[in-house]
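To start, the structure itself, in structure tokens.
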Protein chains: 2
Amino acid sequence: MEDKLLLLRQHFEEIVSLTDEEWDFVQSHFEYKSLKKHQFLIQVGQPVDFEYWIIKGLVKAYSIDEKGKEHILQFAMEDYWVSDHCAFQHQKPGTIFVDCLEDSEFFCLSLENREKICFEVPAVANFFRIKSNHGYINLQQRILSLLTMTAESRYEYLLNKLPKLIQRVPKKLIASYLGVSRETLSRFNS
Amino acid sequence: MEDKLLLLRQHFEEIVSLTDEEWDFVQSHFEYKSLKKHQFLIQVGQPVDFEYWIIKGLVKAYSIDEKGKEHILQFAMEDYWVSDHCAFQHQKPGTIFVDCLEDSEFFCLSLENREKICFEVPAVANFFRIKSNHGYINLQQRILSLLTMTAESRYEYLLNKLPKLIQRVPKKLIASYLGVSRETLSRFNS
DNA sequence: CTTGAAAAGTGATGTAGGTCACTTTTAGCT
DNA sequence: AGCTAAAAGTGACCTACATCACTTTTCAAG
């Protein structure tokens, strides 16, 4: 476990500096969790008690429309944060599903604990501020890509940006992330 | 000007508490700017020295594709923050345009000053953290709407969510925000 | 190594929404 | 009030992509 916590510390220290005492305080507010492939981290209608930092593994966050079709909001793997941020922030029931595409391990942070460490250790508030800002920028890029690009160029773009991801995820899920049908995506390569 | 700064303080205090001394310190790091309709706040290729809190007015943030078509990332009005967050954060040249749809006034915050007040006044770091988180949640919603909804229902959704905005913005810009052509949008009402 | 299920590929056909060209309406300036 | 330019509406036609139905390939579990 120490090695895993060290990874988390490194993740924080990529952005802000923490003293050993600060880190001891911070790390004591995380819980550990591990799940097998196909198990759910978050489900629609269930409480969302945590946001999760992924130690290892791969998950998908998605919602299901009236027709039963899956729409993928995010893939998240090692070193990513994932949650139903909306439900988590407002402590409401989940609005999306998050489940594991591979066996996965997480460090879990409750809202109460997050606010505690943010108000106790300013560097942590700055860490989350900067992280959140990066996330915002990424989503803006994705919106632009949905507005400006064809399905095919969105696919090429993703191939370049996250080649590793494509290896680990079935194409039909990539299609659902790009907002295109499985069949259409399949016709792109050829 | 005092009244305008008071508005800004209220904006901060909706989320965090600040002492008078803290506020004095914080407010001294903002600059005031005012622009007429059609003037640019940010331009592609130009330095992005600030992020802007809108005291009054309305702006659009957009990019222009190879075919010269405009794609609107965001409308922002009173009490909103706006910038080219990506360029601002990395101090790179602008990647989008932001211009005024109405005469507008802003408080401007440089990156240096933002980091200064965030590291000096922890409440401010928490303010931006929480704000940024809200922004992230909004963008996620918009991505979901682009993935799951038809152009028509996205329009209806927007009509319900921001009726005031529709009054102030020409429909062709709404179309560009929704990712639909002007002509198609025009056929929805009828 | 086999086998059953999930994933991927493929053809035929349907449709939401785009594009182009033109008309009508609205709104800002002098 | 009168004029110009931008905005909005509309018809005809086009295309990217969806959907459906089916086949082939891949892969994991016994």
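Just so we're clear, the structure is a prediction, and the values are computed from it rather than from any experiment. For the numbers below, each heavy atom of this structure counts, side chains included, while hydrogens, waters and symmetry mates do not.
The number of heavy-atom neighbours closer than 6.0 Å to CD of A:E112, taken from other residues, nucleotides and ligands shown, is 12 or below. When the shell of 6.0 Å around NZ of A:K92 is examined, it contains 12 or fewer heavy atoms from other residues, nucleotides or ligands.
Here B:I137 is tied to no hydrophobic group at all, with no ILVMFWY side chain closer than 4.5 Å.
Sorted by first then second residue, the ring pair (Phe, Tyr, Trp, His ring centres under 6.0 Å) pairs that include residues 98-126 of chain B, not counting sequence neighbours, are B:Y52-B:F106.
Rounded to an integer number of Å, the gap from B:Y155 OH to C:dA16 C1' is 18 Å. The CG-P distance, from B:L101 to D:dA7, rounds to 10 Å in whole Å. The interatomic distance linking B:M149 (CE) with C:dA16 (C1') rounds to 16 Å, in whole Å. Whole-Å rounding puts the A:L178 CG to D:dC17 P distance at 11 Å. Separating the CZ atom of B:F188 from the C1' atom of D:dG9 is a distance of 14 Å, rounded to the nearest angstrom. Rounded to whole Å, the distance from NE2 on A:H38 to P on C:dA5 is 15 Å.
A 4.5 Å side-chain heavy-atom check between B:M77 and B:V82 finds every atom pair outside the cut-off.
Nearest-nucleotide positions on DNA chain D place B:T184 closer to the 5' end than the other of B:T184 and A:E152.
For B:Y62 and B:D99, the side-chain atoms include at least one donor-acceptor pair closer than 3.5 Å. A donor atom on one side chain and an acceptor atom on the other are found under 3.5 Å apart for A:D65 and A:H71. A donor-acceptor contact under 3.5 angstrom links the side chains of B:T95 and B:D84, judged on distance only.
Non-hydrogen atoms lying under 4.0 Å from DNA chain D are contributed by nothing in residues 59-70 of chain B. At a non-hydrogen distance threshold of 4.0 Å, nothing from residues 161-176 of chain A comes into contact with DNA chain D.
One distance of note links CG of A:L41 with CD of A:Q43; it measures 10.0 Å at 0.5 Å rounding. Atom-to-atom distance recorded for A:K131:NZ and A:F12:CZ is 10.0 Å, nearest 0.5 angstrom. Of the inter-residue distances, the one linking B:S176 atom OG with A:L147 atom CG reads 7.5 Å to the nearest 0.5 angstrom.
Side-chain nitrogen and oxygen atoms of B:S186 include at least one within less than 4.0 Å of the OP1 or OP2 phosphate oxygen of D:dG9.
Under a 3.5 Å cut-off, the side chain of B:R114 and the backbone N or O of B:E51 do not form any donor-acceptor pair.
Which of C:dG17, D:dC17, C:dG18 sits closest to the side chain of A:A151 comes down to D:dC17.
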Give the B/S/- string for nucleotides 20-30 of chain C, one per nucleotide from 5' to 3', where a protein heavy atom under 4.0 Å of the base yields B, of only the sugar-phosphate yields S, and otherwise -. BB---------
Go through it in stages, so that I can follow the logic: the residues are B:D20 and B:R9, the test is side-chain contact (heavy atoms from CB on, under 4.5 Å), and I'd like the CA-CA distance, side-chain angles, deciding distance and then a yes or no. CA-CA 10 Å; B:D20 287 349; B:R9 179 169 185 174; 2.9 Å; yes
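When the options B:Y80, B:F127, B:W23 are evaluated for a ring-ring contact (aromatic ring centres under 6.0 Å, His included) with B:H11, the one that passes is B:F127.
Across its full length, the helix from C:dC1-D:dG30 to C:dT30-D:dA1 shows an angle of 60° between the axes of its 5 terminal pairs at either end, rounded to 10 degrees.
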